[in-house]
Amino acid sequence: MLVYNTLMGFIYIGVGVVAWRNVHYGRNGAAAVFILNLLVLAAIWLLYNPGGAVAIDSLRAMTLRTIVWLLIFMGFGWLSRRVPGT
């Protein structure tokens, strides 16, 4: 989780920079981040059991990140329909 979270931190910043320049690419980047987070959430949910290798806090944090990136993706989808030329 530590390596994934560190790498994703850099990717989050990259998606933000891309989105600042182009809403369409930002939407695609947000979709990719959402899907990656969803896959990792599914994996840690499968690995989770009380007292096991995955802490409940990791499960909660990943759920929050996944929801936030879904909302960001939806927001970019809304923006891409409102911004001409995207």
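Numbering of residues begins at 1 and proceeds along the displayed sequence.
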Which distance, rounded to the nearest 0.5 Å, do you find between the [atom1] of [X] and the [atom2] of [Y]?
X: I56; Y: Y48; atom1: CD1; atom2: OH; answer: 4.0 Å
X: W69; Y: L38; atom1: CH2; atom2: CG; answer: 14.5 Å
X: M62; Y: D57; atom1: CE; atom2: CG; answer: 14.0 Å
X: I11; Y: T6; atom1: CD1; atom2: OG1; answer: 11.0 Å
X: L41; Y: L46; atom1: CG; atom2: CG; answer: 9.5 Å

Are there more than 12 heavy atoms of other residues, nucleotides or ligands under 6.0 Å from atom OH of Y25?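 Not buried by this count: 12 neighbours or fewer within 6.0 Å.
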
Should we say atom CE of M1 is surrounded by more than 12 heavy atoms from elsewhere, each under 6.0 Å from it?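 It does: M1 CE has more than 12 such atoms within range.
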
Is it the case that N37 and Y4 place a side-chain donor and acceptor less than 3.5 Å from each other?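 Indeed, the side chains of N37 and Y4 share at least one donor-acceptor pair under 3.5 Å.
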
When you compare the side chain of L71 with that of I67, does any pair of heavy atoms fall below 4.5 Å?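 SC-SC contact between I67 and L71 confirmed.
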
With a 4.5 Å cut-off on side-chain heavy atoms, are V40 and M8 touching?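 No, every pair of side-chain atoms sits at 4.5 Å or beyond.
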
Please give me the minimum heavy-atom distance between [X] and [Y], naming the atom from each residue.
X: F76; Y: A19; value: CZ-CB, 3.2 Å
X: A30; Y: I72; value: CB-CG2, 4.0 Å
X: S80; Y: R27; value: OG-NH1, 3.1 Å

When hydrophobic residues are tied together by side-chain contacts of less than 4.5 Å, even through go-betweens, does V18 share a cluster with V15?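 No: no chain of side-chain contacts under 4.5 Å links V18 to V15.
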
Are L64 and I35 co-members of a hydrophobic cluster defined by side-chain heavy atoms under 4.5 Å apart?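 Hydrophobic grouping puts I35 with L64.
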
Applying side-chain contact (heavy atoms from CB on, under 4.5 Å), run through L7 and V3 and close with a yes or a no. CA-CA 6 Å; L7 290 174; V3 172; 4.0 Å; yes

With side-chain contact (heavy atoms from CB on, under 4.5 Å) as the criterion, how do W78 and M74 come out once you've worked through the C-alpha distance, each side chain's angles and the decisive distance to 0.1 Å? CA-CA 6 Å; W78 178 78; M74 290 169 60; over 6 Å; no

